[in-house]
Trainee: 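First the structure, which I've put down as structure tokens, then a few questions once you've had a look.
Each chain gets a letter, A, B and so on, in the order its sequence line appears, and its residues count up from 1. The model shown is predicted, which means the values in this text are computed figures rather than measured ones. Side-chain atoms are counted along with the backbone in the values below, which use heavy atoms only and exclude waters and symmetry mates.
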There are 2 protein chains.
Amino acid sequence: MTTPSAPTLAQGPAHEVQRCPPLTRTALDTSQAETAAAIFKALGDPVRLRIFSMIASAPDGELCVCDVVDVGVSQPTISHHLRKLREAGLLTSRKEATWVHYRVAPGVLAATAALLAPPG
Amino acid sequence: MTTPSAPTLAQGPAHEVQRCPPLTRTALDTSQAETAAAIFKALGDPVRLRIFSMIASAPDGELCVCDVVDVGVSQPTISHHLRKLREAGLLTSRKEATWVHYRVAPGVLAATAALLAPPG
DNA sequence: TCGCAATATCGACAGTCATCGAACCAAGGA
DNA sequence: TCCTTGGTTCGATGACTGTCGATATTGCGA
């Protein structure tokens, strides 16, 4: 659990991506490329992306690990992927009794999308 | 060179990403996740992302390989990364005399951005 | 024809990563 | 105090990948 205390905040490179200029505007410097690439890398595995999309499309924006099923890998591997996504700042987690719920970290998707194709 | 004949078209998973529903709408199926992840994976390396941003932000939308410089890796490695980006359908190439010019494949960035954060 | 300059390819190597089963931890319930 | 269930961590392993130097290729000029 990376988010033990109240207000649950995203961590990792995802926060910093907000400060990156759009790819089409200026060439990224080394450190900007580093933080942005970390996010793309986290999304760059088919299984992980699938898990992420299950959470992102969950009706109440939240999904229990126990509902992440039929992705073709073992349960430890699912846990491994969830950790990677969390470490990249794309997900936050919340523990409730014996279950753990994951949700998409706020703002991350919009910021990343803006990196690729700036609105306007 | 993957684009020997006229009209230069993007190839690889990038074309298919247009058909993927937004991550926040429905969970991706296996093959959708596969094609989308291939694009994120291509952008998931810091050096490669930096090279890509240099091309994407080039004044006339096009950049000669000979202008890809100061990225901290050798020439063969740069060529390797350009190939990966081309194979992912993110770049197209054009040969002029001894020089090769790369540009961002049209529509790819917008489609990928829409995958993350659908407009509207 | 020769040499040079710009890129691409090849082969090798070191580091990273996805995956698994086994073991571990935490929280309820009997 | 045990057992069970949900999840994470550990250690190992095979596959993949970024990197390099060396080599090949292509086209231009002398």
Trainee: Of A:V73 and A:E96, whose closest DNA chain C nucleotide lies nearer the 5' terminus?
Mentor: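 Its nucleotide being nearer the 5' end, the pick is A:V73.
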
Trainee: So, for B:T35 and B:C20, which heavy atoms are closest and what is the spacing to 0.1 Å?
Mentor: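 Minimum heavy-atom separation between B:T35 and B:C20: OG1-SG, 3.8 Å.
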
Trainee: Think B:S74 has a side-chain N or O under 4.0 angstrom from the OP1 or OP2 of D:dC20?
Mentor: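 So the side chain of B:S74 is within the cut-off, an N or O lying under 4.0 Å from OP1 or OP2 of D:dC20.
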
Trainee: Within less than 4.0 Å of OP1 or OP2 of D:dT19, is there a side-chain N or O belonging to B:H81?
Mentor: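 Checking B:H81 against D:dT19: at least one side-chain N or O falls below 4.0 Å of OP1 or OP2.
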
Trainee: Write down the distance between CG (A:D67) and C1' (D:dG6), rounded to a whole number of angstrom.
Mentor: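 Value for this atom pair: 12 Å.
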
Trainee: Can you tell me how far C1' of C:dC20 sits from CD of A:Q75, to the nearest Å?
Mentor: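 Distance, rounded to whole Å: 12 Å.
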
Trainee: Separation of A:D45 atom CG from D:dC16 atom P, in whole Å?
Mentor: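 The answer, rounded to whole Å, is 13 Å.
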
Trainee: Is the phosphate of D:dC20 approached by B:T77 (side-chain N or O, under 4.0 Å from OP1 or OP2)?
Mentor: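 It does, given that an N or O in the side chain of B:T77 lies less than 4.0 Å from OP1 or OP2 of D:dC20.
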
Trainee: Does C:dA18 have OP1 or OP2 sitting under 4.0 Å from an N or O in the side chain of A:K84?
Mentor: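 The answer is yes; a side-chain N or O of A:K84 sits under 4.0 Å from OP1 or OP2.
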
Trainee: Can you measure A:E87 atom CD to C:dT16 atom P for me and round it to whole angstrom units?
Mentor: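 Atom-to-atom, A:E87 to C:dT16, this comes out as 15 Å.
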
Trainee: Starting at atom NE2 of A:H101, determine the distance to atom C1' of D:dT8, rounded to an integer number of angstrom.
Mentor: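 These atoms are roughly 16 Å apart.
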
Trainee: Using only side-chain N and O atoms of B:Y102, determine if any of them is under 4.0 Å from OP1 or OP2 of C:dT7.
Mentor: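 Checking C:dT7 against B:Y102, no side-chain N or O comes under 4.0 Å of OP1 or OP2.
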
Trainee: Nearest nucleotide by nearest heavy atom, which residue falls closer to the 5' end of DNA chain C, A:R48 or B:P76?
Mentor: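 By nearest-heavy-atom nucleotide position, the 5'-most residue is B:P76.
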
Trainee: In whole Å, what is the span from the NE2 atom of B:H80 to the P atom of D:dC16?
Mentor: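 One finds 14 Å between P of D:dC16 and NE2 of B:H80, rounded.
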
Trainee: If only side-chain N and O atoms of B:R83 are considered, is one of them under 4.0 Å from the OP1 or OP2 phosphate oxygen of C:dA8?
Mentor: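 So the side chain of B:R83 is outside the cut-off, no N or O lying under 4.0 Å from OP1 or OP2 of C:dA8.
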
Trainee: Grab the CZ-P distance between B:R94 and C:dA6 for me, whole Å please.
Mentor: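 Interatomic distance, CZ of B:R94 to P of C:dA6: 17 Å.
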
Trainee: Is the backbone N or O of A:A27 less than 3.5 Å from a side-chain atom of B:S57, with the two atoms forming a donor-acceptor pair by type?
Mentor: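 Flag set: sc B:S57 to bb A:A27 pair under 3.5 Å.
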
Trainee: Is any side-chain heavy atom of A:L82 closer than 4.5 Å to a side-chain heavy atom of A:V100?
Mentor: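 A side-chain contact under 4.5 Å is absent here.
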
Trainee: Calculate the interatomic distance between B:I78 atom CD1 and D:dC20 atom C1'; express it in whole Å.
Mentor: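 One finds 13 Å between C1' of D:dC20 and CD1 of B:I78, rounded.
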
Trainee: Are any of A:T98's side-chain N or O atoms less than 4.0 Å away from OP1 or OP2 of C:dA27?
Mentor: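 No.
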
Trainee: Where do A:L28 and A:A33 come nearest, in terms of heavy atoms and distance?
Mentor: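 Of all heavy-atom pairs spanning A:L28 and A:A33, the closest is CD2-CA, 3.9 Å.
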
Trainee: If you only use heavy atoms from C-beta on, which nucleotide in D:dT19, D:dC28, C:dA6 is closest to the side chain of B:V47?
Mentor: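 Output: D:dT19.
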
Trainee: Do the side-chain N or O atoms of A:K41 get closer than 4.0 angstrom to the phosphate oxygens (OP1, OP2) of C:dC17?
Mentor: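 Looking at the OP1 and OP2 atoms of C:dC17, one of them is under 4.0 Å from a side-chain N or O of A:K41.
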
Trainee: What verdict does the side chain to side chain contact (heavy atoms under 4.5 Å, CB included) test give for B:L63 and B:I51, after you've listed the backbone C-alpha separation in whole Å, the side-chain angles of each residue and the deciding distance to 0.1 Å?
Mentor: CA-CA 10 Å; B:L63 199 67; B:I51 294 173; over 6 Å; no

